[in-house]
Amino acid sequence: MKLDRLGDFQRTHRNGDLRLDHAGQTVRLLGWCRRVRNLGSLVFLDLRDRWGLVQLVANEETADPELLAKLKAVRSEFVLAAEGVVAERESKNPNMATGDVEIRLTGLRILNTAAPLPFPLEDEGVGEDLRLTHRFLDLRRDQLQRNLQLRSETTNLIRNHFRELDFVEIETPILTKSTPEGARDYLVPSRVHPGEFFALPQSPQLFKQLLQVSGFERYIQICRCFRDEDLRADRQPEFTQVDLEMSFVRQEDIQGVVEPLMVKLARTVGREVSAPFPRLPFRDAMEWYGSDKPDLRCDIRIQDATPLFAASGFNLFRSAADSQGQRRVRALFFPGEMAAALSRKQLDELQEVAKQLGAGGLPYAKWGKDGLSSSFKKFLEPADEVALRQHLGAAGEGLAIFAVGTDAQTSRILGDLRLRLARQFGQLDEARFAFLWVVDFPLLEWNEEHQRFVACHHPFTSPHPDDLDLLETDPGACRAVAYDLVLNGFEVGGGSIRIHDAETQSRLFQIIGIGAAEARSKFGFLLDALSYGAPPHGGLALGLDRLVMLLAGVDNIREVIAFPKTAQARCLMTNAPGPVDERQLRELHLLPETRQTYRVGAVFFESAEGGNAELRGQALQQISQLTPRQAQGLVTLDPHGQILDAQSISGPTFDF
RNA sequence: GGGGUUGUAGCUCAGUCGGUUAGAGUGCCAGCCUGUCACGCUGGAAGUCGCGGGUUCGAGCCCCGUCAGCCCCGCCA
């Protein structure tokens with residue numbers, strides 16, 4: 001098809017803006033054909049641009065035949081420039097913002113054609129692999145257009161918020177240094193320095209701290225971070241952080257600049273939240289919700305039921321009660337008919353889920369229309385049942401589920417089931433934005449694999465001032481001045497007050513197994529900086545992708561990233577990662593240089609098991625006679641054909 | 001690294017107990033159609049049943065392996 005040129009054509013209006021007020025005006029529009037409805041001598045076409053949709057029309061009686069023919073040739077997603085007169089419609093469409101008007105065409109340019117799309121833009125439920133392969137088309141869809149516009153508005157609002165608070169935006173390096181601790185680094189080989197590597201930043205953590213030493217008391221950056229770890233619905237190998245750091249602050253000061261931002265952001269999507277947000281110590285979060293990022297849209301809490309079973313005939317529970325706190329019986333009670341009506345089959349399915357989470361089974365007690373039913377009913381005397389109901393606050397109908405084990409085990413099981421069942425029973429208030437701060441995280445945790453303590457947050461986090469004495473005596477009990485911002489069960493931010501003196505920093509490195517020498521070589525610049533007048537400082541990083549995901553009301557960060565990777569960390573559109581030319585690898589010293597020295601000639605192979613000096617001598621003599629260049633080698637092989645020893649005898653070498 | 005799940009027409013899916021030529025809706029192509037807006041009507045083309053191997057007289061269906069998408073565990077300071 002012969003294409004028309006854009007030429008000096010300029011749009012006069014955005015498609016979505018046209019209203020009855022414009023009736024009679026001649027307008028020029030640009031966009032994509034969403035759909036043609038060809039009724040024979042009357043043709044309609046919906047023209048889409050970034051701002052909306054408007055109907056174009058031409059009919060046989062009034063339109064130029066050439067224009068009508070051109071219009072009929074248009075297919076979905078053709079790119080058009082249209083000129084026409086805004087007119088009131090004969091039959092209006094109340095479902096469309098521009099549904100009262102249509103454009104009676106006086107001119108049409110076909111700027112480009114389009115092949116039939118591999119998937120419809122209108123439908124939900126298209127396979128995600130297909131969408132990712134043709135992401136540039138997927139991004140035409142309304143939902144993604146809205147999500148990315150929301151993301152843009154969000155970053156604008158964030159920048160404005162911090163600019164008003166006098167923050168400075170500073171960029172930090174993408175090519176930086178690999179550091180121990182933390183996630184696996186993405187590495188970039190250096191061409192200039194053979195065998196050496198840059199690392200892409202897991203976060204600009206150290207740079208922002210150094211900027212505090214430099215006197216930028218309020219720093220902000222919206223920056224890309226990289227972690228070479230396995231993916232999840234809310235984790236991509238590259239993601240965006242809103243990174244901030246302030247000097248001369250306490251935890252409350254950081255929270256104080258972030259909370260009003262969250263209030264504003266929530267408002268952009270029509271949610272009202274009020275600051276200050278609840279502060280929940282880590283210990284309570286684990287105790288009540290079995291999670292360090294509890295979803296407070298449901299207020300059901302895990303309860304300790306251990307003492308109730310101190311004299312129980314139910315061995316499983318009583319043995320926990322006898323364990324002096326090593327193991328506990330913990331429970332969740334879901335009130336309501338829906339919970340009480342859970343069938344045997346559903347309970348079995350739930351038990352399977354619990355087993356997946358590491359439970360041995362799923363003891364339950366259910367109070368429904370027919371009274372009590374329980375997997376341990378025979379151990380429940382009437383008095384026990386009354387005590388149990390009272391303890392759990394189970395007045396009416398409902399379902400109690402139990403988990404036995406260490407706190408880590410029971411938290412994991414009940415934390416997961418709490419969310420699953422709350423959602424199933426409609427006890428999760430989907431309309432709410434439930435922000436909170438989880439505070440008082442432990443500073444360190446014991447790592448079995450490495451047989452040492454590792455930092456829970458990162459090794460620059462300040463120990464809680466009250467716990468400084470514990471650092472060497474009981475490191476696991478030492479709290480950190482660290483805080484996570486949680487929204488609806490997602491960690492959307494995390495931060496801490498940092499260590500700002502070289503001595504404490506060195507102490508901490510020591511405790512996590514980084515000796516003085518290693519600390520010097522890996523973090524010398526930080527220790528130096530801390531010794532030249534580093535102010536007390538702290539900050540936080542927000543996960544922009546997760547935040548926008550929650551604002552957009554979607555359940556996957558790929559929906560708010562223009563070009564995301566699959567769960568296997570691949571880009572289906574570009575097919576990255578992919579192989580590269582050998583030449584590139586050589587430049588980066590990842591392959592040996594091209595020029596190599598080869599020795600050519602005959603080779604005598606000898607078994608390692610039974611060599612015979614005399615035979616060998618004869619063979620070598622024969623070989624030497626056979627080869628004009630007198631090039632020979634002696635190679636010893638093991639029984640599997642592996643080379644044990646290669647000894648060159650003589651002969652010239654050749655360069656290739 | 002482990003577990004679960006999905007893979008059939010461009011797309012979304014159905015496909016019975018293993019049995020004749022693998023279907024539907026939609027999209028696409030052609031014709032008709034003056035008020036459509038998920039236009040309508042008629043007709044047509046369209047398949048490496050993800051890939052490889054096996055069992056069987058016979059495999060979309062059963063078995064083994066493998067690849068890819070998604071979810072989860074480990075991992076993610």
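In what follows, chains are A, B, ... by sequence order, proteins preceding strands, each numbered from 1.
Among residues two or more places apart in sequence or in another chain, the salt bridge (Lys or Arg N to Asp or Glu O under 4.0 Å) test is passed with A:Glu445 by none. Here A:Ala114 pairs with A:Glu77, A:Phe78 under the side chain to side chain contact (heavy atoms under 4.5 Å, CB included) rule; sequence neighbours left out. Residues satisfying the side chain to side chain contact (heavy atoms under 4.5 Å, CB included) test with A:Asp129, not counting sequence neighbours, are A:Leu572. For A:Arg35, the salt bridge (Lys or Arg N to Asp or Glu O under 4.0 Å) criterion is met by no residue, not counting sequence neighbours. By the side chain to side chain contact (heavy atoms under 4.5 Å, CB included) test, A:Pro564 pairs with A:Leu132, A:Arg135, A:Gln236, A:Arg558, A:Ile561, sequence neighbours left out.
With RNA chain B read from its 5' end, the first of the two nearest nucleotides for A:Asn95 and A:Glu102 is the one closest to A:Glu102.
Listed by first and then second residue, the side chain to side chain donor-acceptor pair (under 3.5 Å) pairs that reach into residues 96-107 of chain A are A:Gln55-A:Glu102, A:Glu83-A:Thr106, A:Glu102-A:Arg104, sequence neighbours excluded. Pairs engaging residues 504-529 of chain A under the ring pair (Phe, Tyr, Trp, His ring centres under 6.0 Å) rule: A:Phe460-A:Phe523, A:Phe509-A:Phe523 [sequence neighbours left out].
Within residues 558-569 of chain A, the residues having any heavy atom closer than 4.0 Å to RNA chain B are, in order of number, A:Arg558, A:Thr566, A:Ala567, A:Gln568. Within residues 41-61 of chain A, the residues that place at least one heavy atom under 4.0 Å from RNA chain B are, in residue-number order, A:Ser41, A:Leu42, A:Phe44, A:Gln55, A:Glu61.
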So which protein N/O to nucleotides 3-7 of chain B N/O distances come out below 3.5 Å?
none

Polar atoms only, N or O, under 3.5 Å: list the protein pairs with nucleotides 29-32 of chain B and their distances.
{"from": "B:C29", "atom 1": "OP1", "to": "A:Arg75", "atom 2": "NE", "distance (Å)": "3.1"}

For nucleotides 8-13 of chain B, give me every protein contact, N/O to N/O, under 3.5 Å, one pair per line with atom names.
{"from": "B:G10", "atom 1": "O2'", "to": "A:Pro118", "atom 2": "O", "distance (Å)": "2.7"}
{"from": "B:U12", "atom 1": "OP1", "to": "A:Gly127", "atom 2": "N", "distance (Å)": "2.6"}

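In the interface, the side chain of A:Arg89 is paired with the base of B:C37 through a donor and an acceptor atom under 3.5 Å apart.
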